[in-house]
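Quick caveat, the model's predicted, so the values are computed rather than measured.
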Amino acid sequence: MKYLDAFRDGAVARRMVEQLHARVADYAGQMTFMEVCGTHTMAIYQHGIRSLLPPQIRLISGPGCPVCVTPVDYVDHAVALSRLPEVVIATFGDMVRVPGSSSNLQHEQARGAEVRIVYSPLDALALAQKHPEKKIVFLGVGFETTAPTIAGAILAAQRQGLKNFFVLGANKTIPIPMAALAADPELQVSGYLCPAHVSAIIGPGAYAPLAEQLGVPCVITGFEPLDMLQGIAMLADQVLEGRPRVETQYSRIVRPEGNPRARDILAQVFAPCDVPWRGIGVIPGSGLCIRDEFAAFDAARRIAVEVEAPREHPGCLCGEILKGKVRPGDCPLFRNACTPENPVGACMVSSEGTCAAEYKYGI
């Protein structure tokens with residue numbers, strides 16, 4: 001805890017804030033920095049980072065919550081699978097409350113479906129070993145951080161000869177949608193606070209096209225208050241200097257080469273593919289789909305089920321919130337029809353969702 005306290009030192013934070021105000025005091029424009037990590041979003045709200053910044057710097061939240069960007073038709077598919085008597089759904093906790101078109105997994109569980117909360121894909125693998133009479137379907141949601149563990153579970157299932165372990169895939173990658181948002185003239189992103197966990201896998205080089213081709217500064221930033229303030233200051237310096245590049249504030253964790261072993265496992269099991277993002281649409285090459293060699297573990301290909309036509313809630317603004325174009329308070333449902341106890345959109349469900357963060361901390 002002593003080590004953690006060093007990154008929350010109030011006196012140091014005040015000095016950093018004063019220095020940041022002084023650096024941009026003569027800057028006449030507006031710097032818009034986007035974080036694309038749900039944990040960053042929570043940290044910004046929890047520590048009141050936004051309220052400390054000079055008026056020249058604006059923070060907006062992007063599509064950094066993996067549950068939030070999962071489209072409604074995926075939830076519908078999981079719900080349909082859960083209604084099959086031979087299927088057990090294994091998933092991280094946030095997914096059970098994400099609304100589909102007409103139901104969610106929590107409601108299906110109340111109606112008798114077998115839905116198990118697990119803490120890792122290996123927990124789902126253990127369920128498959130223990131219940132050979134059942135088809136265990138793990139919901140493969142997440143970015144490059146969790147995808148290697150899912151790939152590892154598929155490899156382990158293959159080694160063990162399991163025939164009843166499946167993954168319903170929705171894994172995505174981060175740099176490609178960042179490029180798509182950087183090209184959106186409505187947003188005018190001045191710089192990215194790059195995700196720390198994802199960067200520990202893919203390494204800083206993955207963001208090089210953003211800086212070199214699109215001219216967008218990038219700083220990989222940690223999660224503590226002083227990390228965040230330093231990362232924002234590094235982005236501001238790049239804007240002031242007019243020299244976009246990729247820098248790593250979170251160097252105590254992120255290595256220049258990333259994690260080659262994790263990337264090798266990813267490449268072995270998954271292939272890039274076009275996937276839909278909630279609120280953004282299909283982004284070419286931004287998904288991680290199970291390769292044909294491992295199709296035996298792909299629930300979408302191996303378990304036939306009829307899925308209802310997807311319907312989004314007409315009043316929900318999750319899509320615009322995930323693109324950073326509106327704040328949660330701009331949504332007419334926020335704090336009214338949509339609350340953590342009764343979420344209408346995925347951004348209110350997840351512990352890393354922007355709406356959940358604003359509802360909890362109210363800043």
Side-chain angles (χ1 to χ4, degrees), residues 38 63-84 87-118 121 124 135-143 146-147 150 166-172 177 273-283 286-290 298-322 331 333 337-356:
C65 164
V67 170
C68 303
V69 298
T70 300
V72 70
D73 58 341
Y74 178 88
V75 179
D76 292 340
H77 197 161
V79 165
L81 287 171
S82 76
R83 292 170 175 165
L84 300 177
V87 166
V88 176
I89 299 292
T91 178
F92 299 135
D94 283 349
M95 281 301 297
V96 300
R97 299 176 64 238
V98 177
S101 295
S102 62
S103 184
N104 65 26
L105 289 171
Q106 192 173 48
H107 291 156
E108 296 306 314
Q109 188 180 37
R111 293 169 182 153
E114 286 198 67
V115 179
R116 305 285 186 91
I117 306 299
V118 296
K135 294 178 179 176
I136 310 300
V137 177
F138 178 74
L139 303 187
V141 173
F143 299 126
T146 53
I150 297 171
F166 305 92
V167 172
L168 185 64
N171 288 114
K172 296 176 173 60
C273 60
D274 304 344
V275 294
W277 292 62
R278 184 186 290 259
I280 301 176
V282 174
I283 302 179
S286 66
L288 294 170
C289 292
I290 297 173
D298 189 341
R301 283 187 269 186
R302 295 303 302 271
I303 304 176
V305 67
E306 187 171 341
V307 182
E308 65 183 302
R311 303 188 307 278
E312 298 278 1
H313 190 291
C316 178
L317 295 186
C318 267
E320 295 302 292
I321 291 168
L322 289 167
C331 178
L333 306 180
C338 187
T339 65
E341 292 75 27
N342 182 35
V344 175
C347 297
M348 185 61 89
V349 174
S350 173
S351 59
E352 296 187 341
T354 305
C355 293

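We find the CE-CD1 distance between M95 and I117 to be 10.5 Å, quoted to the nearest 0.5 Å. For the atom pair L84 CG and I303 CD1, the distance stands at 7.5 Å (nearest 0.5 Å). The distance from the SG atom of C331 to the CD1 atom of I321 is 5.5 Å, given to the nearest 0.5 Å. Separating the CG atom in N171 from the CG atom in L288 is a distance of 6.0 Å, to the nearest 0.5 Å. Separating the CG atom in L333 from the NE2 atom in H313 is a distance of 5.5 Å, to the nearest 0.5 Å.
Within the 3.5 Å criterion, the main-chain N or O of S101 finds a donor-acceptor partner in the side chain of D76.
Using a 4.5 Å cut-off on side-chain heavy atoms (C-beta onward), S82 and E114 make no contact. Side-chain atoms of P63 and I280, non-hydrogen and from C-beta on, do get closer than 4.5 Å to each other. Counting heavy atoms from C-beta on, the side chains of V349 and P99 come closer than 4.5 Å. Side-chain contact between V141 and F92 is absent, with no heavy atoms from C-beta onward closer than 4.5 Å. At a threshold of 4.5 Å between non-hydrogen side-chain atoms, the residues V96 and Q109 do not count as touching. Put simply, the side chain of V305 reaches to within 4.5 Å of the side chain of H77, judged on heavy atoms.
Shown here are the side chain to side chain contact (heavy atoms under 4.5 Å, CB included) partners of C65, two or more places apart in sequence or in another chain: V67, C68, S350, E352. For D73, the side chain to side chain contact (heavy atoms under 4.5 Å, CB included) partners are P71, P310, not counting sequence neighbours. Partners of R302 by side chain to side chain contact (heavy atoms under 4.5 Å, CB included), not counting sequence neighbours, listed by chain and number: F166, A296. By the side chain to side chain contact (heavy atoms under 4.5 Å, CB included) test, V282 is found to be paired with D274, P276, residues two or more places apart in sequence or in another chain being considered. Under the side chain to side chain donor-acceptor pair (under 3.5 Å) criterion, T70 pairs with no residue at all, not counting sequence neighbours.
The two residues F138 and V118 have their closest heavy-atom pair at CE1-CG2, 3.8 Å. Minimum interatomic distance between L139 and A78 (heavy atoms only, all atoms of both residues): CD2-CB, 3.9 Å. Closest approach of Y74 and G169 over heavy atoms only: CE1-O, 3.5 Å. E308 approaches S102 most closely through the heavy-atom pair OE2-OG, 2.8 Å. For the pair V75 and V98, the tightest heavy-atom approach, listed with the atom from each and the gap, is CG1-O, 3.4 Å. Considering every non-hydrogen atom in both G140 and I150, the closest pair reads CA-CD1, 3.7 Å.
Ring geometry, W277 versus F143: the interplanar angle falls under 30°, so the pair is classed parallel (tilted spans 30 to 60°).
Between C318 and C347, the two SG sulfurs stay at or beyond 2.5 Å from each other.
Each of V137, V115, I136 was checked for a side chain to side chain contact (heavy atoms under 4.5 Å, CB included) with V88, and the lone residue meeting it is I136.
The list of salt bridge (Lys or Arg N to Asp or Glu O under 4.0 Å) pairs with a residue in residues 93-112, not counting sequence neighbours, reads R83-E108, E108-R111.
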